[in-house]
Amino acid sequence: FPVTILSKAWLIDQLNLELLKGPEPQVIHIFGGWYGVLATMLFDSATFPIKFIRSIDVDPTCEPVADHINKYNEMNQWRFKAFTASMDEWEYDHAPTMVINTSCEHVDQETYDRWYDRIPTGTTVVLQGNDFFSCEEHIRCSRDIEEFESQSRLDNINYAGCYRTDAGSGYTRFMLIGTK
């Protein structure tokens, strides 16, 4: 499987462990939602209940593809909906119980800070980034998990981990799960 899919599977595995105690149905907002792949994987693999998922990406080509891939859940009382928007300007349509951003390396610190400040206090936050500095699109990489933690500003970290890829570039992905 491609690294992007494996890192999303890692995220779901950790969430399944973190949320093992059967929380209330989750209202999830995914930033950098791409084509809705993570949402599909969550609907198919999460062991915790999901009320609905909102997938937000700045790329307008992602929204119609994500809605198509998740058509069943879109048609099922809007359990899924993709949107084209900038993460730091997103207006929450419902208070999220969980916010996910698997593309932290794609935004500068100022944009990240504006986005993070808009997340409601008490929300579960899941973040992924990496040390893949040689990718031109990556403008906010971290040297290690400690630097990623520092950049994240996450108040209460319940999980911090690293996933070494076997891809040609051999980089490491970092993940934090906690509460703002």
Side-chain angles (χ1 to χ4, degrees), residues 1-16 18-19 25-46 48-109 111-120 123-130 132 135 137-141 148 151-152 154 163 165 173-178 180:
F1 288 101
V3 171
T4 55
I5 300 300
L6 293 174
S7 65
K8 288 169 178 44
W10 173 43
L11 181 152
I12 293 167
D13 287 346
Q14 292 306 315
L15 281 178
N16 283 339
E18 286 291 319
L19 301 175
Q26 298 293 296
V27 174
I28 302 171
H29 291 235
I30 301 172
F31 292 89
W34 194 43
Y35 295 124
V37 173
L38 177 56
T40 300
M41 293 174 70
L42 281 163
F43 282 126
D44 290 346
S45 305
F48 51 88
I50 297 172
K51 184 171 183 179
F52 61 79
I53 296 176
R54 300 295 181 248
S55 181
I56 301 95
D57 202 290
V58 70
D59 182 349
T61 65
C62 293
E63 183 178 339
V65 175
D67 282 341
H68 180 75
I69 288 172
N70 290 282
K71 184 55 78 181
Y72 172 79
N73 284 301
E74 181 189 40
M75 292 174 58
N76 183 5
Q77 300 178 353
W78 293 98
R79 287 190 67 220
F80 175 87
K81 180 64 184 112
F83 297 90
T84 302
S86 178
M87 64 189 260
D88 61 326
E89 297 175 358
W90 177 249
E91 296 288 335
Y92 292 97
D93 58 346
H94 294 86
T97 54
M98 182 184 304
V99 168
I100 300 173
N101 185 336
T102 62
S103 303
C104 291
E105 70 277 4
H106 287 270
V107 296
D108 61 52
Q109 189 67 44
T111 302
Y112 175 90
D113 288 344
R114 281 194 309 270
W115 167 75
Y116 186 81
D117 289 344
R118 296 173 73 98
I119 299 171
T123 302
T124 297
V125 178
V126 183
L127 304 170
Q128 283 188 347
N130 63 48
F132 191 13
C135 179
E137 296 172 1
H138 293 180
I139 58 175
R140 188 176 160 269
C141 291
F148 187 59
Q151 290 172 340
S152 79
L154 196 54
Y163 181 86
T165 70
R173 292 196 57 83
F174 309 115
M175 182 164 59
L176 301 173
I177 301 173
K180 177 179 178 198

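Atoms considered below: every heavy atom in the structure, side chains included; atoms not considered: hydrogens, waters and symmetry mates.
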Any side-chain heavy atom of [X] within less than 4.5 Å of one from [Y]?
X: Phe52; Y: Pro25; result: no
X: Val107; Y: Asp88; result: no
X: Leu6; Y: Tyr163; result: yes
X: His29; Y: Ile119; result: no
X: Tyr116; Y: Leu154; result: yes
X: Asn130; Y: Phe148; result: no

Heavy-atom pair of closest approach, residues [X] and [Y]:
X: Tyr112; Y: Ser152; answer: OH-O, 2.6 Å
X: Leu15; Y: Val126; answer: CD2-CG2, 3.8 Å
X: Gly32; Y: Ser103; answer: O-OG, 4.0 Å
X: Phe31; Y: Met87; answer: CD2-CB, 3.6 Å
X: Val27; Y: Lys51; answer: CG2-CD, 4.0 Å

Output the distance between atom [atom1] ([X]) and atom [atom2] ([Y]), rounded to the nearest 0.5 Å.
X: Gln14; Y: Leu176; atom1: CD; atom2: CG; answer: 11.5 Å
X: Asn101; Y: Trp115; atom1: CG; atom2: CH2; answer: 4.5 Å
X: Leu42; Y: Ile12; atom1: CG; atom2: CD1; answer: 4.5 Å
X: His68; Y: Glu74; atom1: NE2; atom2: CD; answer: 10.5 Å
X: Glu18; Y: Met98; atom1: CD; atom2: CE; answer: 9.5 Å
X: Ile28; Y: Ile50; atom1: CD1; atom2: CD1; answer: 4.5 Å

>> Please determine whether side-chain contact (heavy atoms from CB on, under 4.5 Å) holds for the pair Ser55 and Phe80, giving the CA-CA distance in whole Å, both sets of side-chain angles, and the decisive distance to 0.1 Å.
In response: CA-CA 8 Å; Ser55 181; Phe80 175 87; 3.7 Å; yes
> When you measure from the centre of the six-membered ring of Phe43, is the NZ or CZ of Arg79 under 6.0 Å away and within 45° of the axis?
Replying inline: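 Judged by the rule (NZ or CZ under 6.0 Å from the ring centre, within 45° of its axis), Arg79 is not positioned above Phe43.
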Sidechain-backbone polar pair: [X] side chain, [Y] backbone, donor-acceptor under 3.5 Å:
X: Asp57; Y: Ala82; value: no
X: Gln128; Y: Ser7; value: yes
X: Arg140; Y: Gln151; value: yes
X: Ser86; Y: Val58; value: no
X: Arg173; Y: Thr165; value: no
X: Glu105; Y: His138; value: no
X: Asn70; Y: Asn73; value: no

>> Tell me every residue that passes ring pair (Phe, Tyr, Trp, His ring centres under 6.0 Å) with Trp78, counting only those two or more places apart in sequence or in another chain.
In response: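 In terms of ring pair (Phe, Tyr, Trp, His ring centres under 6.0 Å), with neighbours along the sequence ignored, Trp78 is linked to no residue.
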>> Suppose we screen for ring pair (Phe, Tyr, Trp, His ring centres under 6.0 Å). Which residues come up paired with Phe83, at least two apart in sequence or across chains?
In response: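 For Phe83 the ring pair (Phe, Tyr, Trp, His ring centres under 6.0 Å) partners, ignoring immediate neighbours, are Trp90.
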> Is atom OH of Tyr72 surrounded by more than 12 heavy atoms (other residues, nucleotides or ligands) closer than 6.0 Å?
Replying inline: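 Not buried by this count: 12 neighbours or fewer within 6.0 Å.
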